[in-house]
Amino acid sequence: MPKVAFTLSLKAAMKSLIFLLAIISSTRAVTLSCSFYSTSLPYYPSVYACNNLVASNVAESKILTAVSGQHQNGMSNADVKGLFINYVPHLTFFPRGIEKIFPNLIALGSYNSSISTLTGDELKPFPNLFFFRLAVSPNFEKIPENLFDSTPLIRHIEFFNNNIKQVGENVFSNLPKLNHLDLLNNYCVNKLARIEKAQFPALIEHLRTNCTEIEATTTKAPSCGNTNEIICDLQVQNQVLMVIN
């Protein structure tokens with residue numbers, strides 16, 4: 001093959017590869033469409049935030065690569081202090097890479113999603129977080145022990161209208177600034193506590209009593225001793241029927 005033809009063929013192949021990689025990358029990227037606005041949050045009368053109602057490609061990847069939307073005059077992504085991903089029922093996770101788009105977040109929330117798990121690593125990029133909400137996520141059942149290990153400044157937490165069945169015993173113990181904890185309408189807890197009303201001790205005790213991990217138990221096969229085998233079988237069947245009923 002002539003050198004010129006080989007070079008052109010190689011260039012064409014490279015262009016095709018780059019194009020293919022771009023397509024793969026775009027289908028794996030999470031993008032958000034933001035409505036930028038100023039809002040008030042507890043302890044902060046004015047917070048510039050992104051309220052997101054649309055998230056694309058969330059089933060293919062967990063990495064946030066871009067946001068769209070018109071900033072208010074003089075504002076940029078660096079000014080965004082709050083991100084609220086609301087009414088995205090197919091969302092199953094908080095995207096990774098949020099801190100690269102919005103490096104100064106102090107408030108993060110999701111309302112009406114399908115998020116089922118959450119770990120301390122996912123909140124680690126937000127050391128200045130003071131407000132966190134994960135609400136109306138019926139698949140969310142467990143608050144892990146280390147969830148807030150990297151967010152010691154947090155003051156306001158909302159987990160209402162989920163399906164929480166387990167809560168790490170000390171998950172709220174090392175949060176000296178925490179003064180609002182909303183756990184209303186969950187499987188094992190239906191309480192809200194504010195530190196100024198001295199409601200925390202009762203809530204923490206309730207969690208320890210009602211929301212600790214349930215150990216799996218094994219059912220032993222019934223023993224009939226020396227009873228006749230036919231009578232034993234009838235007794236076992238009786239017990240099974242009683243359990244079913």
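Nothing here was measured: the structure is a model prediction, and the numbers come from that model.
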Result block: side-chain N/O donor-acceptor pairs under 3.5 angstrom for residues 143-152, not counting sequence neighbours:
from	atom 1	to	atom 2	distance (Å)
Glu145	OE1	Glu169	N	2.9
Glu145	OE1	Asn170	N	3.3
Glu145	OE2	Asn170	N	3.1
Glu145	OE2	Asn170	ND2	3.3
Thr151	OG1	Phe148	O	3.3

Pairs under 3.5 angstrom only: tabulate donor-acceptor contacts from the side chains of residues 189-205 to other protein residues two or more places apart or in another chain.
from	atom 1	to	atom 2	distance (Å)
Asn190	OD1	Asn185	N	2.7
Gln199	OE1	Arg194	N	2.8
Glu205	OE2	Thr209	OG1	3.4

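Residue pairs meeting the salt bridge (Lys or Arg N to Asp or Glu O under 4.0 Å) criterion with at least one partner in residues 128-140, sequence neighbours excluded, are Arg133-Glu158. Listed by first then second residue, pairs satisfying ring-ring contact (aromatic ring centres under 6.0 Å, His included) with a partner in residues 168-196 read His156-His180, not counting sequence neighbours. The side chain to side chain donor-acceptor pair (under 3.5 Å) pairs that include a residue from residues 66-88 are Tyr48-His71, Asn51-Asn86, His71-Asn77, Ser76-Asp79, where partners are two or more places apart or lie in different chains.
Under the side-chain contact (heavy atoms from CB on, under 4.5 Å) criterion, Cys188 pairs with Ile164, Cys211, sequence neighbours left out. The side-chain hydrogen bond (donor to acceptor under 3.5 Å, both in side chains) search around Glu122 returns Thr119, not counting sequence neighbours. Every residue was checked against the side-chain contact (heavy atoms from CB on, under 4.5 Å) condition with Thr117, not counting sequence neighbours, and none meets it. For the ring-ring contact (aromatic ring centres under 6.0 Å, His included) test, residues two or more places apart in sequence or in another chain that qualify with Phe140 are Phe159. In terms of the ring-ring contact (aromatic ring centres under 6.0 Å, His included) criterion, Phe160 has no residue partners (sequence neighbours excluded).
With hydrogens and angles ignored, the 3.5 Å screen pairs a side-chain donor or acceptor of Asp182 with a backbone N or O of Leu184. The backbone N or O of Leu32 sits nowhere less than 3.5 Å from a side-chain atom of Asn52 that would complete a donor-acceptor pair.
Residue Leu153 is found outside any hydrophobic cluster, as its side-chain heavy atoms come under 4.5 Å of no other Ile, Leu, Val, Met, Phe, Trp or Tyr. Grouping Ile, Leu, Val, Met, Phe, Trp and Tyr residues whose side-chain heavy atoms lie under 4.5 Å apart, directly or via other members, places Ile106 in a hydrophobic cluster with Tyr37, Leu41, Tyr43, Tyr44, Val47, Phe84, Phe130, Phe131.
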- Message: Could you walk me through whether Ser113 and Ser137 satisfy the side-chain hydrogen bond (donor to acceptor under 3.5 Å, both in side chains) test, starting with their C-alpha distance in whole Å, then the side-chain angles of each, then the deciding distance to 0.1 Å, before giving a yes or no?
- Response: CA-CA 5 Å; Ser113 73; Ser137 291; 2.7 Å; yes

